[in-house]
Amino acid sequence: MAATSASLVSQLYIGLRRPCPKLDSFNSPSFSAFDPNLRLSLSPPKPSRAIVAMAGSGKFFVGGNWKCNGTKDSISKLVADLNSAKLEPDVDVVVAPPFLYIDQVKNSLTDRIEISAQNSWVGKGGAFTGEISAEQLKDLGCKWVVLGHSERRHIIGENDEFIGKKAAYALSQGLGVIACIGELLEEREAGKTFDVCFKQLKAYADAVPSWDNIVIAYEPVWAIGTGKVATPQQAQEVHVAVRDWLKKNVSEEVASKTRIIYGGSVNGGNSAELAKEEDIDGFLVGGASLKGPEFATIVNSVTSKKVTA
Ligand code: PGA
């Protein structure tokens, strides 16, 4: 099949990066484990006219987490706005409606956008009142599930081990997992950001057989729903550390392929600046994903990755 010029161009963009990377400097003691040569060894610069500021080789990924919001009416309006939005082709786009509305969304939303659940049960369905199984999500046409979100960790009380098991089970049923990690404000202030993120990553790594269908969402808890977005440098610093952790603890290939997306007060006004960072491979968006045109702006911020050599 002949490739369209648009897809050829988007292939050019994937995995390329600026030829002269500026290595970030780190103050945290956790950075004794950081390998500054990683950036060069992961994806050496390739000659190209139009290149992208991307350290990983995965496609840009934007998810909309609708959380516990919406009614039948407001969701049909949101779906209509998404159906008419113009979305850049070189982005994986996913929305996560509340369980109750997944079927409505699946039956009305364009196939261009995939559907995620916001949670799933830790094993096979059965006598688990109030839970929804991965098999049921597959049955409704879900491709993804968000796991380890900070609202489930810190409000509902899910722990690392339970979240790891959920991820393993969801993967075993053919769902992709948007695996969230992130530190509380007091943990950041105590200099524990990397320790917390690495511990949460390890719990996933200990449980899952493969990282092929996992997208990591770094969501600092202090930035979620607060309007206090991480600066591009703060986000980039953690994304580099996560990629380095994957390289050291899983494999170089997984470190390169796995999308590491940022979440926490992303909106149509700040997504372009964040997207320019080499290790930010997309976004997980809460509040701003409830507005179709603004969500489309965030999806299309992939264009700010395209820079001229
Ligand atoms: P927010 O939520 O964009 O409203 O901060 C992000 C998230 O929780 O995924």
Side-chain angles (χ1 to χ4, degrees), residues 60-70 74-75 78 81-82 91-99 101-102 105 113-120 142-158 163 166-167 170 176-185 187-188 193 196-197 200-201 204 214-232 234-235 238-239 242 259-275 277 280-302:
F60 204 70
F61 183 106
V62 178
N65 176 8
W66 298 355
K67 307 193 180 184
C68 186
N69 291 296
S74 72
I75 284 174
L78 179 51
D81 287 346
L82 292 172
V91 186
D92 285 338
V93 187
V94 173
V95 293
F99 287 131
Y101 301 106
I102 287 176
V105 173
I113 301 177
E114 292 184 332
I115 297 179
S116 174
Q118 297 174 19
N119 184 27
S120 60
C142 283
K143 293 269 169 56
W144 297 89
V145 60
V146 177
L147 293 173
H149 191 279
S150 74
E151 285 147 17
R152 297 210 62 87
R153 290 178 187 271
H154 299 295
I155 302 174
I156 315 291
E158 294 186 6
I163 294 163
K166 282 186 168 195
V177 171
I178 302 170
C180 303
I181 59 170
E183 82 288 359
L184 295 162
L185 182 60
E187 291 166 337
R188 172 163 283 262
T193 297
V196 170
C197 291
Q200 294 172 349
L201 278 174
Y204 289 116
I214 299 181
V215 170
I216 296 172
Y218 168 58
E219 300 203 297
V221 182
W222 47 270
I224 295 179
T226 58
K228 205 174 157 213
V229 65
T231 64
Q234 282 174 320
V238 179
H239 285 225
V242 168
R259 272 83 61 90
I260 306 171
I261 64 175
Y262 168 79
S265 296
V266 175
N267 61 38
N270 59 31
S271 56
E273 280 308 304
L274 286 159
E277 296 295 332
I280 297 184
D281 303 327
F283 301 111
L284 186 56
V285 187
S289 72
L290 299 170
K291 296 171 214 145
E294 183 166 6
F295 186 63
T297 301
I298 297 168
V299 169
N300 294 339
S301 66
V302 69

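The analysis underlying the following values was restricted to heavy atoms, covering all of them including side chains, and did not include hydrogens, waters or symmetry mates. Ligands are counted one by one from 1 in listed order, and the atoms in each one are counted from 1 as well.
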Practice task
Measure up the Tyr262 and His239 rings against each other and bin them: parallel (under 30°), tilted (30 to 60°), perpendicular (over 60°).
Solution key: tilted
Practice task
Could you tell me whether the side chains of Glu183 and Trp222 share a donor-acceptor contact shorter than 3.5 Å?
Solution key: yes
Handout entry: Residues, nucleotides or ligands: over 12 heavy atoms within 6.0 Å of Lys67 NZ
Key = yes
Problem - Lys/Arg-Asp/Glu bridge criterion (N-O < 4.0 Å) met for Glu158, Arg153 - result: no
Practice task
Kindly tell me which protein residues have any non-hydrogen atom under 4.0 angstrom away from an atom of ligand 1, grouped by chain and ordered by number?
Solution key: Asn65, Lys67, His149, Glu219, Ala223, Ile224, Gly225, Gly264, Ser265, Leu284, Val285, Gly286, Gly287
Completion exercise
side-chain contact (heavy atoms from CB on, under 4.5 Å) with Leu284: of Val266, Asn65, Val62, only one passes, and it is Asn65
Practice task
List the steps and the verdict of side-chain contact (heavy atoms from CB on, under 4.5 Å) for Leu147 and Ile178.
Solution key: CA-CA 6 Å; Leu147 293 173; Ile178 302 170; over 6 Å; no
